[in-house]
Amino acid sequence: MKHVLVIGGTGMLSDVCLWLVNQNYQVSVIGRNPEKMQRLVNSTTVSSQLTPVLVDYTNYEALKQNLLQIQEQNGPFDMVVAWIHGTDLSIWQTLFHSIPMSKNSILYHVNGSRTNLEKVKRKLNVPKNISYHQIKLGFIVENAQSRWLTHEEISNGIIQAIEGNNHKKIIGVLEPWDKRP
């Protein structure tokens, strides 16, 4: 069974976690909020395929220990879906160092609408054994008004990116920029 890590999986990515479980993946989910994590666990029909990991990813030492522990339990990560706020490179370095160099993995990096994808990609210095994919979240324009994407729209777009093995995917639209909510 393939092992997927979802960082930030108890909020807008919760439907992605549930979909992955239904696709017969072992899914390890990093989140900070115990109540949201419990809601996610209660939402799956196959709780044995969902490993909750309560940790704040900005606590690098705790993150490192948890990443190593869940890989000992469930095997190395075949795929990572990550919604990490900000540009803290230490989080990424901790993640990259936890994946064995002998393991080929796929990373779907979820980014906000203002993100310069090329700049982020250069800055991260992704190891060669990780196939790097970027997802950029936009917005929706309806009836001359705009709104942010719903959690369901975000999850559906990420699922489409995974199914299509898209290296770059925009969910929603980015133009016209002046219509951005």
> Taking all non-hydrogen atoms of both residues into account, name the closest pair between Leu124 and Phe96 and its distance.
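Scanning both residues completely, I find the closest heavy atoms to be O-CE1, 3.6 Å.
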> Please check if Val27 and Val55 belong to a single hydrophobic cluster, counting links between Ile, Leu, Val, Met, Phe, Trp and Tyr side chain heavy atoms closer than 4.5 Å.
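No, because Val27 and Val55 fall into different hydrophobic clusters, even though each may have its own neighbours under 4.5 Å.
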> Side chains of Thr94 and Tyr57, heavy atoms from C-beta outward: is any pair under 4.5 Å?
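Result no, sub-4.5 Å side-chain heavy-atom pair not found.
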> Supply the atom-to-atom distance Leu107 CG to Ile130 CD1, rounded to the nearest 0.5 angstrom.
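Interatomic distance, Leu107 CG to Ile130 CD1, rounded to 0.5 Å: 6.5 Å.
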> Do Leu137 and Asn111 come close enough that some side-chain heavy atom pair is under 4.5 Å?
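A side-chain contact is absent here, since even the closest heavy-atom pair is not under 4.5 Å.
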> Could you check if a side-chain atom of Tyr25 sits within less than 4.5 angstrom of a side-chain atom of Gln49, using non-hydrogen atoms only?
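No, too far: nothing below the 4.5 Å cut-off.
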> Are Leu13 and Leu95 connected into the same hydrophobic cluster when the rule is that any two of I, L, V, M, F, W, Y join if their side-chain heavy atoms are below 4.5 Å apart?
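Not linked; separate clusters.
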> Step by step, work out the side-chain contact (heavy atoms from CB on, under 4.5 Å) result for Leu174 and Ser113.
CA-CA 7 Å; Leu174 298 172; Ser113 60; 4.0 Å; yes
> Residues in salt bridge (Lys or Arg N to Asp or Glu O under 4.0 Å) with Glu72, at least two apart?
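Once residues adjacent in sequence are excluded, Glu72 has no partner under the salt bridge (Lys or Arg N to Asp or Glu O under 4.0 Å) criterion.
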> Please test His109 against Val120 for side-chain contact (heavy atoms from CB on, under 4.5 Å), starting from the C-alpha separation and ending with a verdict.
CA-CA 10 Å; His109 181 191; Val120 167; 3.5 Å; yes
> So Asp88 and Tyr60, side chain to side chain donor-acceptor pair (under 3.5 Å) or not? Walk me through it.
CA-CA 11 Å; Asp88 187 342; Tyr60 313 124; 2.3 Å; yes
> State the CG-CD1 distance between Asn165 and Ile106, to the nearest 0.5 angstrom.
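CD1 of Ile106 is found 5.5 Å from CG of Asn165.
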> Would you check if there is a donor-acceptor pair between the side chains of Arg39 and Thr10 at a distance under 3.5 Å?
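Distance-only check fails for Thr10 and Arg39.
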> Can you find a side-chain donor-acceptor pair between His3 and Ser28 that sits under 3.5 Å?
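Yes, side-chain donor-acceptor contact under 3.5 Å.
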> Got more than 12 heavy atoms from elsewhere within 6.0 Å of CD, Gln145?
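No.
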> Tell me, with the steps shown, if Val53 and Val29 meet side-chain contact (heavy atoms from CB on, under 4.5 Å).
CA-CA 6 Å; Val53 183; Val29 182; over 6 Å; no
> Would you say the side-chain atoms of Asn156 and Gln160 include a donor-acceptor pair closer than 3.5 Å?
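The answer is no; no qualifying pair exists.
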> Please find the pair of heavy atoms, one from Ala161 and one from Lys169, that lie closest to each other, and give the distance.
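It is CB-CD, 3.7 Å.
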> Under the 3.5 angstrom rule, does the side chain of Asn166 hit a backbone N or O of Lys168 as a donor-acceptor pair?
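Judged by distance alone, no pair lies under 3.5 Å.
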> Before you tell me yes or no, could you show the steps for Gln134 and Thr115 under side-chain contact (heavy atoms from CB on, under 4.5 Å), namely the whole-Å CA-CA distance, both residues' side-chain angles and the distance that decides it to 0.1 Å?
CA-CA 10 Å; Gln134 293 177 310; Thr115 306; over 6 Å; no
> For Ile171 and Leu149, work out which heavy atoms get closest and say how close.
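Heavy atoms of Ile171 and Leu149 come nearest at O-CD1, 3.5 Å.
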> Please name the pair of heavy atoms, one in Met37 and one in Gly31, separated by the smallest distance, quoted to 0.1 Å.
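Scanning both residues completely, I find the closest heavy atoms to be CE-N, 3.6 Å.
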> How long is the gap from CZ on Arg180 to CD on Glu175, to the nearest 0.5 Å?
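Going from the CZ atom of Arg180 to the CD atom of Glu175 covers 11.5 Å.
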> Below 4.5 Å, heavy atoms only, C-beta onward: do Ile30 and Leu67 meet side chain to side chain?
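SC-SC contact between Ile30 and Leu67 confirmed.
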> Is it true that atom CG of Asp178 has more than 12 heavy atoms of other residues, nucleotides or ligands lying nearer than 6.0 Å?
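Yes, CG of Asp178 has more than 12 neighbouring heavy atoms, counting only those of other groups under 6.0 Å.
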> Keeping Thr44 on the side-chain end and Val41 on the backbone end, is there a donor-acceptor pair under 3.5 Å?
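It does not hold such a pair.
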> If I take atom CG from residue Leu40 and atom CG from residue Asn42, how far apart are they, to the nearest 0.5 angstrom?
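One finds 9.0 Å between CG of Leu40 and CG of Asn42.
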> Look at Glu118 together with Lys123 and state whether they make a salt bridge at an N to O cut-off of under 4.0 Å.
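A salt bridge is absent here (no side-chain N lies under 4.0 Å from a carboxylate O).
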> State whether the number of non-hydrogen atoms from other residues, nucleotides or ligands found under 6.0 Å of Glu152 atom CD is greater than 12.
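For Glu152, atom CD is not crowded (no more than 12 foreign heavy atoms under 6.0 Å).
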> Output the rest of the hydrophobic cluster of Met1: all Ile, Leu, Val, Met, Phe, Trp and Tyr residues reachable through side-chain heavy-atom contacts under 4.5 Å, sorted by chain and number.
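Reading the cluster by chain and number, Met1 sits alone, since nothing else belongs.
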> Within the side chain of Ser146, is there an N or O that forms a donor-acceptor pair under 3.5 Å with the backbone of Lys179?
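Flag set: sc Ser146 to bb Lys179 pair under 3.5 Å.
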> In terms of ring plane angle, is the pair Trp83 and His85 parallel, tilted or perpendicular, where the classes change at 30° and 60°?
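The arrangement is perpendicular - the two ring planes meet at more than 60°.
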> Which atom names give the shortest non-hydrogen contact between Ile140 and Glu153, and what distance separates them?
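Nearest heavy atoms, Ile140 then Glu153: CG1-OE1, 4.0 Å.
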> Check Asn129 against Pro100 and note the closest heavy-atom contact, atom names and distance.
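So the two residues come closest at ND2-O, 3.1 Å.
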> Cut-off 3.5 Å, side chains only: do Thr51 and Gln26 have a donor facing an acceptor?
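Their side chains do contain a donor-acceptor pair, which is all the 3.5 Å distance test asks for.
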> Give the other cluster members for Val173, using side-chain heavy-atom distances under 4.5 Å between Ile, Leu, Val, Met, Phe, Trp and Tyr residues; answer none if it is isolated.
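Traced through the cluster, Val173 reaches Phe139, Val141, Trp148.
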> Working to the nearest 0.5 angstrom, can you tell me the gap between Ile158 CD1 and Glu163 CD?
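It comes to 12.5 Å.
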> Examine Met12 and Met79 and state if one hydrophobic cluster contains both, with Ile, Leu, Val, Met, Phe, Trp and Tyr joined whenever side-chain heavy atoms are less than 4.5 Å apart.
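As far as the 4.5 Å side-chain criterion goes, Met79 and Met12 are connected within one cluster.
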> Report yes or no: do Ile84 and Val16 belong to one cluster of Ile/Leu/Val/Met/Phe/Trp/Tyr joined by side chain heavy-atom distances under 4.5 Å?
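No: no chain of side-chain contacts under 4.5 Å links Ile84 to Val16.
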> Between the main-chain N or O of Pro34 and the side-chain N or O of Gln38, is there a donor-acceptor pair closer than 3.5 Å?
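No: the side chain of Gln38 does not pair with the backbone of Pro34.
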> Hey, could you give me the NZ/OG distance between Lys64 and Ser90, rounded to the nearest 0.5 Å?
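So the NZ of Lys64 and the OG of Ser90 are separated by 12.5 Å.
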> Do other residues, nucleotides or ligands put more than 12 heavy atoms under 6.0 Å from Lys103 NZ?
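Above 12, so yes.
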> Have Gln65 and Gln69 got a donor and an acceptor in their side chains that come within less than 3.5 Å?
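No, Gln69 and Gln65 have no side-chain donor paired with an acceptor closer than 3.5 Å.
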> Phe77, Leu68: one ILVMFWY side-chain cluster at the under-4.5 Å cut-off?
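As far as the 4.5 Å side-chain criterion goes, Leu68 and Phe77 are not connected within one cluster.
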